[in-house]
Each structure stands twice: as C-alpha cells, then as structure tokens.
Protein chains: 2
Amino acid sequence: MLDRREALDRLLELVVLLDADMTEGLAREGLTVPRAHLLWLLHQNGPAAQRRLADALKVSPRNVTGLVDGLVASGHVARGPHQTDRRVTLVSLTERGASASAEMSRGHEELAELLFGEMTDRRFTAFVAGLNHVLSRLREGLQPAHVGGR
Amino acid sequence: MLDRREALDRLLELVVLLDADMTEGLAREGLTVPRAHLLWLLHQNGPAAQRRLADALKVSPRNVTGLVDGLVASGHVARGPHQTDRRVTLVSLTERGASASAEMSRGHEELAELLFGEMTDRRFTAFVAGLNHVLSRLREGLQPAHVGGR
DNA sequence: TATTGTTATACTCTATAACTATA
DNA sequence: TATAGTTATAGAGTATAACAATA
C-alpha cells in the first residue's frame, strides 16, 4: 500500500497538472487564470462593482483595476456606471466575454468527463469520500505551516 | 451521489486550498513557491548548474537567474564555479537553505498526517486508487483545452 | 559553432499609500 | 467621515532577444 507521504506527493502532482492544463487552455482564449476567475464571477453572478469583485477574489481593489483593464483591452468585459451610486463602476461581460465563459463551462464539463467519465460509480463514490475527508481536514487545520516543495 | 461536475469543483477547491496553505507556510521562511521549488531540487539532487535548474523547472534560464538572485539575497543558496566548465554556475544550498529544506520536508510529513492520518486504511486505499485514475487520465489527455474557472 | 548565464526590455499579478470623486 | 476607484510606486514571476564568455 502507498505511503501517506507518497500519496501527498501524488496529490501535489495532480495540483500541478491541473494548474498547467487550465493555464494552457485559458491562454488560447487570451486569458490568464486571475482574469478567468474574474470572468467566472461575472458569468455566475452578473454585473458587479469592482469593490465586490475585489472582495470575492480576495485581492486588493487596485489589483481589480488592473485585471479589469486587461479584460477591457481584450474585449471580454466593459465598464459602466451604476444607476444610483456614481462612485461605483459596474463591470459586465461583453459578448466575447460571455462566449468565453460558456466555453470555460464546456471545458469544465469535458474535464470532469475526462477525469471521472470512465470511473466506476463505486470507485467514484469512494474517491469523493476521500476528497471530502481531505477537504474538511484542510479547512480545519489552517493554523500550522504545512510547507511543501510543490 | 455527487455529480461528476461537482466533484471536479471540489477537486479544484482542494487545489486552491493546498496552494494557499503552501504559499502561506513558505512566506514565513521568506520563501515563495517558485523559489521553494528550486530549493527543493537542490535538496533532492545536490548542487546544480542553473541550466539544469531551468530545464527541471521548465522555465527560462533568465528566470532562474532571477530566482537564484532572490535566494542568494535571502541567504538560502550560494553560487559557485564549476570545476571543469567555466561557463557554468553551480548553485548549492547554504546552511540556511538546508535547514529550510529540512523544515519543508517536515511540513510535508505533517500535512500528509493532517490530510490522511485519521483516514481508515480502507478509505485511504480507495482514495489513492481514484487519485491514480485521475492522474493517468490527466497525463494522457493533454491535447484538448480543458478550461476551468479555477 | 554551440552552450551558459547575463543584461535589456516588457507584461502580468500582487501590495500599500496617497488622492479624487462621490456619498 | 466613509467608500469606490484611481494614480504612484514597488516587488515577484514570467518571457524573448541580444550579448559576453567559454567550450
């Protein structure tokens, strides 16, 4: 049986591969991971004030300015005024941004199918159970520094 | 039973949490993820030419110059000459770099214990089986763009 | 001629601090 | 006085291209 430590290494390898897969796919649409993340929020929740985006992304307002600048330049989003509060800038998807989001959603489905499609229900269920265990452990144990070599 | 798509979302959430956990832990040692990755290679394989590091990290030689500059400034590594080839710069761990690596290794163990420690052998084995399945799928299916919202 | 590492330049993500416009 | 977003400044990671030293 695999060592706990080896299993962690394998899990970290998965993290690296997933990250590379996403980054590469996004690059084809002229997107980066942080920009796609912002796009995704608009896709899910509709137009939003930059401040809200900063909170949701857990990033500084300044940073959102930069991300939105990039997405405006690439034609994925547009800035507009808020109806009642003139301090606020509302960010919304353009048509290109909407189709890129839809494409992301499809890619997501495809990836799920690739990863889990040929898995038996039995194995899938067991895997999800382990995943849940690991996730709850991780959410609880945020205190100590669990450093890893990636 | 959980949907395939939901399982993927949960897996991606795990990726985010693991990344955050690592990044935070490394920051306490004055390290970043890319620098720690470089350190880890030295820890595993001993002193190396920058060119080798660039290949291993899949990054440009120029980038390695920058990473090593930072690690030299923080006292984790030192540059030295190659014995026979005077073009080459050998990078090796300082004492601080070695102890930081050892600390990373301990953190790795702790994390493995946190994530899997209280898991039954049965569930652990099932999880690893699923992990292996997902990993091999991902390694094979590198062609298409599997874009995701992080 | 080929290889190693550097300087030069540029882009992205990130942060804090100071400032403007509005509330 | 407080909030939204900007400009100013800075650091880190990344890339390509041109160049120097060495092989």
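Just so we're on the same page: letters track the sequence lines, and every chain starts at 1.
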Picking from [options], which would you name as closest to the side chain of [X]?
X: A/Arg86; options: D/dA23, D/dG5, C/dT22; value: C/dT22
X: B/Arg87; options: C/dG5, D/dA2, D/dT22; value: D/dT22
X: B/Arg79; options: C/dT22, D/dT6, C/dT6; value: C/dT6
X: B/Thr32; options: D/dG13, C/dT6, D/dG5; value: D/dG13

**Message:** Tell me which one of A/Arg87, A/Gln83, A/His82 satisfies side chain to side chain donor-acceptor pair (under 3.5 Å) with A/Asp85.
**Reply:**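 One option only clears the test, and that one is A/Arg87.
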
Measure the distance from [atom1] on [X] to [atom2] on [N] and round it to the nearest whole Å.
X: B/Arg51; N: C/dT6; atom1: CZ; atom2: P; value: 13 Å
X: A/Leu53; N: D/dG5; atom1: CG; atom2: P; value: 8 Å
X: B/Leu31; N: D/dA12; atom1: CG; atom2: C1'; value: 13 Å
X: B/Asp19; N: C/dC13; atom1: CG; atom2: C1'; value: 13 Å
X: A/Gln83; N: C/dA23; atom1: CD; atom2: C1'; value: 17 Å
X: A/Gln50; N: D/dT6; atom1: CD; atom2: P; value: 4 Å
X: A/Leu71; N: C/dT12; atom1: CG; atom2: P; value: 11 Å
X: A/Leu67; N: D/dA4; atom1: CG; atom2: C1'; value: 16 Å

**Message:** Need one value for B/Val64: base, sugar-phosphate or nothing, where a base atom within 4.0 Å counts as base even if backbone is also close, heavy atoms only.
**Reply:** nothing

**Message:** Any base atoms under 4.0 Å from A/Thr23, or only sugar-phosphate, or nothing? Heavy atoms, all strands.
**Reply:** nothing

**Message:** Tell me whether B/Gln44 at atom CD has more than 12 heavy atoms from other residues, nucleotides or ligands lying less than 6.0 Å away.
**Reply:**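 Yes - once you tally the heavy atoms of other residues, nucleotides and ligands closer than 6.0 Å, there are more than 12.
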
**Request:** Have a look at A/His76 and tell me which of A/Leu39, A/Leu42, A/Leu93, A/Val68 forms a side-chain contact (heavy atoms from CB on, under 4.5 Å) with it.
**Result:**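 For A/His76, the side-chain contact (heavy atoms from CB on, under 4.5 Å) test succeeds with only one of A/Leu39, A/Leu42, A/Leu93, A/Val68, which is A/Leu39.
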
Respond yes when some side-chain nitrogen or oxygen of [X] is under 4.0 Å from OP1 or OP2 of [N], and no when none is.
X: A/Arg62; N: D/dT7; answer: no
X: B/Asn63; N: D/dT14; answer: yes
X: A/Arg35; N: C/dC13; answer: yes
X: B/Ser60; N: D/dA15; answer: yes
X: B/Thr65; N: C/dT7; answer: no

**Prompt:** So A/Phe116 and A/Phe124, would you call those rings parallel, tilted or perpendicular, with 30° and 60° as cut-offs?
**Reply:**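 Rings of A/Phe116 and A/Phe124: perpendicular, over 60°.
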
**Request:** Select from A/Lys58 and B/Ala48 the residue whose nearest nucleotide in DNA chain C is closer to the 5' end of that strand.
**Result:** B/Ala48

**Asked** Which heavy atom in A/Leu67 sits nearest to a heavy atom in A/Pro34, and how many Å separate them?
**Response**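 Shortest heavy-atom separation between A/Leu67 and A/Pro34 comes out as CD2-CB, 3.9 Å.
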
